[in-house]
Amino acid sequence: KPTMLGRVWGLACSQRKARGVLKNLKEERTRMFDYCMPYIFLPHKQQDATEQQDTVVDIICNLPNVQAPLVFDFDWEMDDAEDMAKEKVEEDELDPSHEKVIADTIRDAVAKAKAEAKTKAAEKKRQRQAISA
């Protein structure tokens, strides 16, 4: 009766060791080795960063002399900060002096969201380069 003790199985792939060899392979042969890399790190399957980026920002605006904060969504591709501020002043019957505060809050939130998206994209790029290096 054979036992499994003492038997060691090892798999080796000589093509994985030489990264330059994989670049010269045909597409169907290369696909055989794609399983080794996670989906997100495959450059030919990577989506454009602008397609992944969410352009909607949640805004919470605390206004002076107003008890409840103003809460709304803002899409920086579809909306304009000044127009949205005017709409919110009219909808909620606020003082016209609050318009500038709302517009500034919108701009700050959009700038923060864009900066976060940029750092995430840079981090993903750095991770891809670290893996492929």
Side-chain angles (χ1 to χ4, degrees):
K1 190 175 186 180
T3 63
M4 294 304 288
L5 296 175
R7 291 186 182 183
V8 177
W9 296 91
L11 298 175
C13 177
S14 60
Q15 289 184 333
R16 263 296 174 204
K17 293 178 183 176
R19 291 191 183 269
V21 173
L22 284 178
K23 292 178 185 175
N24 298 328
L25 292 177
K26 293 182 180 176
E27 182 67 24
E28 58 271 358
R29 183 79 171 129
T30 304
R31 293 211 180 263
M32 292 176 65
F33 299 99
D34 282 348
Y35 69 90
C36 294
M37 300 289 275
Y39 180 83
I40 193 167
F41 294 117
L42 296 175
H44 64 279
K45 293 183 180 179
Q46 183 69 27
Q47 291 180 351
D48 190 8
T50 56
E51 292 175 2
Q52 294 177 349
Q53 188 174 7
D54 187 20
T55 61
V56 177
V57 179
D58 295 323
I59 310 265
I60 300 175
C61 182
N62 294 314
L63 299 172
N65 303 327
V66 177
Q67 290 179 348
L70 213 66
V71 179
F72 57 95
D73 293 338
F74 180 79
D75 186 347
W76 72 67
E77 286 185 346
M78 303 298 286
D79 301 324
D80 183 50
E82 286 76 20
D83 292 340
M84 179 64 83
K86 286 179 186 176
E87 286 178 25
K88 290 298 171 187
V89 167
E90 292 172 4
E91 283 178 12
D92 297 338
E93 299 174 358
L94 299 170
D95 187 29
S97 64
H98 293 304
E99 189 176 318
K100 184 179 184 321
V101 175
I102 295 170
D104 289 341
T105 304
I106 291 171
R107 282 190 217 98
D108 292 343
V110 167
K112 184 178 177 183
K114 285 182 179 180
E116 287 176 7
K118 189 175 182 179
T119 56
K120 284 181 184 178
E123 179 66 22
K124 284 183 182 180
K125 184 178 179 181
R126 186 191 62 75
Q127 287 176 346
R128 279 195 309 270
Q129 289 174 348
I131 285 180
S132 64

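Excluded from the calculations below are hydrogen atoms, water molecules and symmetry mates; all remaining heavy atoms, backbone and side chain alike, are included.
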N/O donor to acceptor pairs below 3.5 angstrom from side-chain atoms of residues 82-90, sequence neighbours left out:
residue, atom, partner, partner atom, Å
E82, OE2, R107, NH2, 2.2
K88, NZ, E91, OE1, 3.4

Let me check something: any side-chain donor-acceptor pairs from residues 62-76 under 3.5 Å, sequence neighbours excluded? List them with distances.
residue, atom, partner, partner atom, Å
D75, OD1, T55, OG1, 2.6
D75, OD1, E77, N, 3.1

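One finds no salt bridge joining E123 and K120 here, because no Lys/Arg side-chain nitrogen approaches an Asp/Glu carboxylate oxygen to under 4.0 Å.
Put simply, the side chain of D104 reaches to within 4.5 Å of the side chain of K100, judged on heavy atoms.
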